[in-house]
Asks: 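My questions all concern the structure below.
The shown structure was predicted, so the numbers you read here are calculated from the model rather than taken from an experiment. So you know, we letter chains A, B, ... as the sequences are listed, proteins then strands, and number each from 1.
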2 protein chains.
Amino acid sequence: MDDDAVFRALADASRRQLLDRLHDRDGQTLGDLCMGLQMTRQAVTKHLAILEDANLIATKRQGREKLHFINPVPINEIAERWIGKFEGPRLAALSDLKTRLEGEDQ
Amino acid sequence: MDDDAVFRALADASRRQLLDRLHDRDGQTLGDLCMGLQMTRQAVTKHLAILEDANLIATKRQGREKLHFINPVPINEIAERWIGKFEGPRLAALSDLKTRLEGEDQ
DNA sequence: GATATATGCAACTATATGGTTGCGTGTCAA
DNA sequence: TTGACACGCAACCATATAGTTGCATATATC
């Protein structure tokens with residue numbers, strides 16, 4: 001899998017919003033996804049293409065409409081392979097890491 | 001917390017590599033982190049600043065050196081709040097989502 | 001067939017981003 | 001105190017990115 005494509009795709013707030021919308025209701029058309037957004041349809045198309053390249057969504061043409069489906073697999077793969085290694089029993093204790101570091105100076 | 005800063009910080013492969021290095025050995029200096037990289041020290045400094053702004057690392061001056069410490073909290077927060085919602089019992093069954101969609105046409 | 005609807009494609013623009021070079025500042029050690 | 005070392009700051013450059021506008025194409029509907 002291409003980690004980089006997924007991370008880069010997730011880096012944009014508009015694209016995360018589109019994934020959120022698909023999470024709320026899967027299988028929406030391009031027109032559906034554009035509604036209410038302060039963006040042209042073409043901008044949304046580009047974002048969806050980036051998400052599709054990263055394999056975060058899959059599409060299906062149905063007549064003149066294009067349906068979009070979320071694919072949770074890449075996100076979960078990253079969660080397992082990348083985020084898992086940062087877990088640890090002392091995680092909660094580290095939440096004030098910076099504070100502690102700053103306090104060590106005296 | 002600022003989701004956007006974290007996602008954008010993680011979007012760059014060089015920055016993920018720096019986090020990997022700190023994961024291998026925490027508390028490295030800027031010089032340590034530069035070694036072996038095809039990048040100038042200033043480029044690395046910029047990457048580290050972005051990681052620090054996203055609260056993914058914390059730093060501490062020690063004499064003329066600057067020590068860098070990884071902070072796993074933001075990554076785990078994102079994992080819990082953002083990635084968790086894409087989990088589901090039918091996750092494995094969806095891994096061939098696109099294939100199935102393409103097969104539905106006939 | 002004519003028309004409206006849903007999407008696709010391409011060129012263009014502005015700004016963000018990743019990187020560089022050059023020089024300045026603070027700290028350690030002889 | 002002189003020089004080496006570790007790092008900071010600022011200007012600059014090239015490319016990537018997010019967005020636009022304009023037009024083309026394909027599919028419904030009448």
Side-chain angles (χ1 to χ4, degrees), chain A residues 2-22 25-54 56-69 101-102 104-106, chain B residues 2-22 25-54 56-69 101-102 104-106:
Chain A
D2 187 4
D3 262 29
D4 199 57
V6 178
F7 276 113
R8 297 183 85 91
L10 292 176
D12 188 272
S14 300
R15 287 192 287 270
R16 293 197 301 276
Q17 189 183 357
L18 287 169
L19 286 180
D20 275 339
R21 287 185 166 215
L22 285 178
R25 183 164 61 89
D26 209 17
Q28 292 186 67
T29 68
L30 173 59
D32 291 338
L33 291 169
C34 286
M35 289 203 311
L37 294 185
Q38 292 302 90
M39 224 186 313
T40 60
R41 175 178 54 83
Q42 285 78 357
V44 176
T45 299
K46 285 191 182 182
H47 283 307
L48 291 171
I50 290 171
L51 289 170
E52 191 170 5
D53 285 344
L56 285 164
I57 62 174
T59 61
K60 174 181 171 67
R61 268 319 267 275
Q62 187 169 83
R64 61 182 164 183
E65 293 182 328
K66 187 176 188 180
L67 308 181
H68 299 78
F69 301 89
L101 287 172
E102 286 165 347
E104 280 175 4
D105 298 69
Q106 61 265 358
Chain B
D2 187 4
D3 263 28
D4 199 57
V6 177
F7 275 113
R8 299 185 84 90
L10 292 176
D12 188 90
S14 300
R15 288 193 286 271
R16 293 197 302 276
Q17 189 183 359
L18 287 169
L19 286 180
D20 275 338
R21 286 185 167 215
L22 285 179
R25 182 163 61 90
D26 209 17
Q28 292 187 68
T29 69
L30 173 59
D32 291 338
L33 291 169
C34 285
M35 289 203 312
L37 295 184
Q38 292 301 88
M39 224 184 312
T40 59
R41 175 178 53 86
Q42 285 78 357
V44 176
T45 298
K46 285 190 181 182
H47 284 306
L48 291 171
I50 291 171
L51 290 170
E52 191 170 5
D53 285 345
L56 286 165
I57 63 173
T59 62
K60 174 181 171 67
R61 265 323 262 278
Q62 187 169 85
R64 61 182 165 182
E65 293 182 329
K66 187 175 188 181
L67 308 182
H68 299 78
F69 300 88
L101 287 171
E102 287 165 347
E104 279 175 2
D105 298 69
Q106 62 267 356

Asks: Examine D:dG19: is either OP1 or OP2 under 4.0 Å from a nitrogen or oxygen in the side chain of A:Thr40? Give yes or no.
Replies: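 No.
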Asks: So how far is it from B:Leu51 CG to B:Leu22 CG, rounded to the nearest 0.5 Å?
Replies: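 Going from CG on B:Leu51 over to CG on B:Leu22, the span is 8.5 Å.
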Asks: Please test A:Asp3 against B:Arg16 for salt bridge (Lys or Arg N to Asp or Glu O under 4.0 Å), starting from the C-alpha separation and ending with a verdict.
Replies: CA-CA 10 Å; A:Asp3 262 29; B:Arg16 293 197 302 276; 5.1 Å; no
Asks: Round to a whole Å and report the spacing from CG of B:Leu48 to C1' of D:dA6.
Replies: 14 Å
Asks: Expressed as a whole number of angstroms, how long is the span from B:Lys66:NZ to C:dT27:C1'?
Replies: 16 Å
Asks: For B:Asp12 and D:dA16, what is the distance between atoms CG and P respectively, to the nearest whole Å?
Replies: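 In whole Å, D:dA16 P and B:Asp12 CG are 13 Å from each other.
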Asks: Pick the nucleotide of DNA chain C nearest each of A:Arg8 and A:Arg41; which residue has the one closer to the 5' end?
Replies: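 The answer here is A:Arg41.
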Asks: When the distance from CD1 of B:Ile50 to C1' of C:dA16 is rounded to whole Å, what number comes out?
Replies: 11 Å
Asks: Could you give the CG-to-P distance, from A:Leu10 to D:dA18, as a whole number of Å?
Replies: 12 Å
Asks: Take the protein atom CG of B:Leu37 and the nucleotide atom P of C:dG18, then report the distance between them rounded to whole Å.
Replies: 15 Å
Asks: Indicate whether OP1 or OP2 belonging to D:dT17 is found under 4.0 Å from a side-chain N or O atom of A:His47.
Replies: no
Asks: In terms of side-chain heavy atoms of A:Lys46, which of D:dC7, D:dA11, D:dT20 is nearest?
Replies: D:dT20
Asks: Can you work out whether A:Ala11 or A:Gln62 has the more 5'-proximal nearest nucleotide on DNA chain D?
Replies: A:Ala11
Asks: Quiz question: going by heavy-atom distance under 3.5 Å, is there a donor-acceptor pair between the base of C:dT5 and the side chain of A:Arg64?
Replies: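 Indeed, a donor on one side and an acceptor on the other fall under 3.5 Å apart.
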Asks: Whether the side chain of A:Gln38 and the base of D:dG19 hold a donor-acceptor pair under 3.5 Å is what I'd like checked.
Replies: no
Asks: How long is the span from the CG atom in A:Leu48 to the OG atom in A:Ser14, to the nearest 0.5 Å?
Replies: 11.0 Å
Asks: Tell me if the side-chain of B:Gln42 makes a donor-acceptor pair with the base of C:dG22, cut-off 3.5 Å, by modelled atom types.
Replies: yes
Asks: Just the rounded figure in Å: distance from P of D:dG19 to CD of A:Gln17.
Replies: 11 Å
Asks: For A:Gln62, look at atom CD and say whether over 12 heavy atoms of other residues, nucleotides or ligands are found less than 6.0 Å away.
Replies: no
Asks: Can you tell me how far CZ of B:Arg21 sits from CE of B:Met35, rounded to the nearest 0.5 angstrom?
Replies: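 Output value for this atom pair is 7.5 Å.
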Asks: In whole angstroms, how far is the P atom of D:dG8 from the CG atom of B:Leu67?
Replies: 11 Å
